[in-house]
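What follows is a short report on a single structure.
Each chain gets a letter, A, B and so on, in the order the sequences are listed, and its residues count up from 1.
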There are 2 protein chains.
Amino acid sequence: MVPGYDAAMTEDDLIARCFAPIAGPDALGLRDDAALTRIPEGHELVVTKDALVGGVHFFNEDPPASIARKALRVNVSDLAAKGADPHGFLLALALPRGTAETFVIDFAHALGADAQQFGIPLLGGDTVSTPGPLMVSITALGRVPTGRMVPRTGVQPGDRIYVSGTIGDAALGLQVRLDPSFGQKLSSTQLDHLLSRYLEPQPRLALAHAMRSFAHGGMDVSDGLVGDLSKMLRASGVGATIRLADVPLSDAATAMAVDEKAFVTAMTGGDDYELLAAVPPAQAAAFEAAASAAGIAVTLIGEASATRDIVMQGRKGEPQAFSTQSFSHF
Amino acid sequence: MVPGYDAAMTEDDLIARCFAPIAGPDALGLRDDAALTRIPEGHELVVTKDALVGGVHFFNEDPPASIARKALRVNVSDLAAKGADPHGFLLALALPRGTAETFVIDFAHALGADAQQFGIPLLGGDTVSTPGPLMVSITALGRVPTGRMVPRTGVQPGDRIYVSGTIGDAALGLQVRLDPSFGQKLSSTQLDHLLSRYLEPQPRLALAHAMRSFAHGGMDVSDGLVGDLSKMLRASGVGATIRLADVPLSDAATAMAVDEKAFVTAMTGGDDYELLAAVPPAQAAAFEAAASAAGIAVTLIGEASATRDIVMQGRKGEPQAFSTQSFSHF
């Protein structure tokens with residue numbers, strides 16, 4: 001027997017009290033060895049898994065509700081990028097010894113609310129104790145009509161490259177959080193915007209249908225726009241000209257990006273959880289209309305080309321190189 | 001950027017060099033946001049997830065190959081208990097900073113060999129760094145013909161209760177490992193048997209077909225026979241009489257269980273990864289024959305009853321109570 005993190009709570013208690021109430025019907029009450037679920041005929045299963053570690057992917061002092069939301073949403077973002085509808089998720093939660101029961105209750109409550117919001121029921125998982133920091137690993141299951149997943153490798157020459165929402169907020173929010181002096185010229189509304197974008201991503205699930213209807217290729221921006229977009233283009237064997245001046249920035253990011261270093265952070269910093277979509281010109285109007293109907297802004301930032309050259313045009317129109325293209329957790 | 005655990009290795013390198021070679025075709029080369037897989041018509045998806053933490057579920061000094069095998073096998077064991085055929089798995093790996101590349105190579109190599117042995121291809125996952133201990137979380141996907149999953153809740157009065165293999169070896173192996181004086185009367189072969197059963201479980205996947213063909217209810221024994229069997233009976237709303245004298249023990253466990261405390265450890269200690277099956281009397285002969293054909297020993301240890309009383313008959317035939325019925329990681 002390993003020393004408990006809360007003598008009053010067994011693992012079974014914790015599951016029964018915190019997680020069973022938020023579980024979906026396929027979870028079998030979280031009382032079996034596994035969950036049982038059915039993928040509708042004519043559909044394929046899309047699966048993704050992301051792990052978040054305290055002190056690496058979030059701050060140990062972040063509210064449990066925010067940690068829960070981030071952990072689920074980064075996975076939902078992957079499903080959205082693939083054009084998949086959420087089907088369910090599994091949770092592995094490693095709790096530091098001494099974690100208070102209220103922490104777990106708040107975590108589970110927020111997770112349950114998010115699961116409802118995004119229509120992705122909890123199917124099962126595992127809760128363990130750890131001598132290390134909190135770790136949350138979520139496996140998300142989605143479904144797409146057969147043959148309709150949007151791959152990273154599908155970009156074709158001539159495709160228009162779109163990005164959703166605004167880029168750079170989360171990376172700048174992290175920077176401000178680490179060193180508040182970076183944000184001294186911002187209004188409190190602007191500061192809140194950046195900080196909250198880092199703390200709680202907004203997955204663009206409402207774009208999933210438009211993605212699978214109109215995009216040749218897509219991915220979500222988790223490790224920085226420049227690096228992730230380059231990865232997608234290379235995986236597709238195409239090049240592109242990207243106009244960084246056209247990359248959508250929030251008011252707050254625009255204010256900070258007056259400084260070129262902050263602009264580079266915005267373009268390469270990561271944690272955006274916006275979507276990149278490569279859409280053939282003939283479908284561009286339909287894609288834009290579908291995004292608009294879904295309430296998600298999408299912005300044209302460039303075009304794919306048959307050459308394998310990836311040209312990032314800086315804000316002055318000249319090719320811009322980046323020493324670090326994307327965020328790496330290593 | 002978080003300080004790397006090996007300056008020479010980026011996450012992409014690590015995936016390309018260590019994990020892409022062991023990935024299945026549905027993993028899309030581990031280069032997309034998600035894996036894409038198809039569940040054959042007429043089948044349901046069985047999903048399970050287990051997390052293992054260094055210093056809790058394994059020793060930090062255990063060989064990486066053993067940690068990899070244990071992490072995969074405890075999940076395969078869950079699939080087997082549900083009568084499911086393996087379909088694929090996702091891996092979340094949190095590596096302590098400073099982990100040597102050779103560690104990851106050995107881990108991945110063993111994982112790949114096990115994945116082949118059990119027919120469960122790697123579909124995807126996530127690799128992150130952690131300031132804490134090594135953590136491995138695996139989500140395993142299996143498939144069963146629709147309606148054929150073996151639930152924990154399916155035990156019926158009159159069902160015969162079988163257990164596979166031998167019970168208690170892993171718990172006694174852990175005890176010997178923590179305090180070698182416990183094993184001083186054992187031969188080196190016996191010691192090796194106990195230690196290896198703790199280090200590397202042997203999931204009874206070969207029984208999966210017999211489970212779904214003949215068992216009303218089933219689960220795997222991961223947290224101790226007495227506690228897990230009691231859970232299954234309670235979940236099914238039945239009682240049982242269980243003859244602990246009939247619980248199969250290895251030579252090594254038999255030698256240790258001369259001591260009553262060691263016997264209690266064997267019955268309640270956990271990490272067995274054997275299967276419990278509740279089989280109706282009319283199917284018992286067929287179940288035994290199928291197990292025999294699969295090369296897995298199964299032993300009758302009791303019968304389920306319509307009363308809700310769970311009677312564990314000790315080795316002298318008297319009802320035996322246990323102060324701790326099963327292992328808890330909390």
Count the heavy atoms of every other residue, nucleotide or ligand shown that sit under 6.0 Å from CD of Glu61(B), and state whether that count exceeds 12.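 Yes, enclosed.
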Evaluate whether atom CZ of Arg31(A) has more than 12 neighbouring non-hydrogen atoms of other residues, nucleotides or ligands under 6.0 angstrom away.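 No, the 6.0 Å shell around CZ holds no more than 12 heavy atoms from other groups.
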Chain A heavy atoms under 4.5 Å from [X]: which part of the residue, side chain, backbone, both or neither?
X: Met219(B); value: both
X: Ile39(B); value: side chain
X: Leu28(B); value: side chain

Top residue by heavy-atom pair count (under 4.5 Å) with chain A, among Ala35(B), Ala51(B), Gly125(B)?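 Answer, by heavy-atom pair count under 4.5 Å with chain A: Ala35(B).
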Taking every heavy-atom pair that is under 4.5 Å apart, which of Val46(B), Asp126(B), Leu52(B) has the most such pairs with chain A?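 Greatest number of close heavy-atom pairs with chain A: Asp126(B).
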Might you point out which heavy atoms bring [X] and [Y] nearest each other, and give the distance in Å?
X: Ala94(A); Y: Val53(B); result: CB-CG2, 4.4 Å
X: Val56(B); Y: Arg97(A); result: CG2-NH2, 3.3 Å
X: Thr48(B); Y: Asp33(A); result: OG1-O, 2.9 Å

Which residue, Asp26(B), Thr37(B), Leu36(B), forms the side chain to side chain contact (heavy atoms under 4.5 Å, CB included) with Leu45(A)?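 Among Asp26(B), Thr37(B), Leu36(B), the one meeting side chain to side chain contact (heavy atoms under 4.5 Å, CB included) with Leu45(A) is Thr37(B).
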Counting distance only, does the side-chain N/O of Asp32(A) pair as donor-acceptor with the main-chain N or O of Arg152(B) below 3.5 Å?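 Side chain of Asp32(A) to backbone of Arg152(B), a donor-acceptor pair under 3.5 Å: yes, one is there.
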Side chain of Asp78(A), backbone of Ala34(B): donor and acceptor closer than 3.5 Å?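 No.
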Please identify, among Leu91(A), Leu93(A), Leu123(A), the residue contributing the most non-hydrogen atom pairs under 4.5 Å to chain B.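 The answer is Leu91(A).
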For chain B, which of Pro151(A), Gly54(A), Gly42(A) has the most heavy-atom pairs under 4.5 Å?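 Most heavy-atom pairs within the cutoff with chain B belong to Pro151(A).
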With Pro203(A), which residues qualify under side-chain contact (heavy atoms from CB on, under 4.5 Å), at least two apart?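 If we apply the side-chain contact (heavy atoms from CB on, under 4.5 Å) test to Pro203(A), skipping adjacent residues, the hits are Arg73(A), Val76(A), Ser77(A), Phe118(A).
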Chain B-proximal positions within residues 131-148 of chain A [heavy-atom distance under 4.5 Å]: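 Within residues 131-148 of chain A, near chain B: Pro131(A), Gly132(A), Pro133(A), Met135(A), Ser137(A), Ile138(A), Thr139(A), Leu141(A), Val144(A), Thr146(A).
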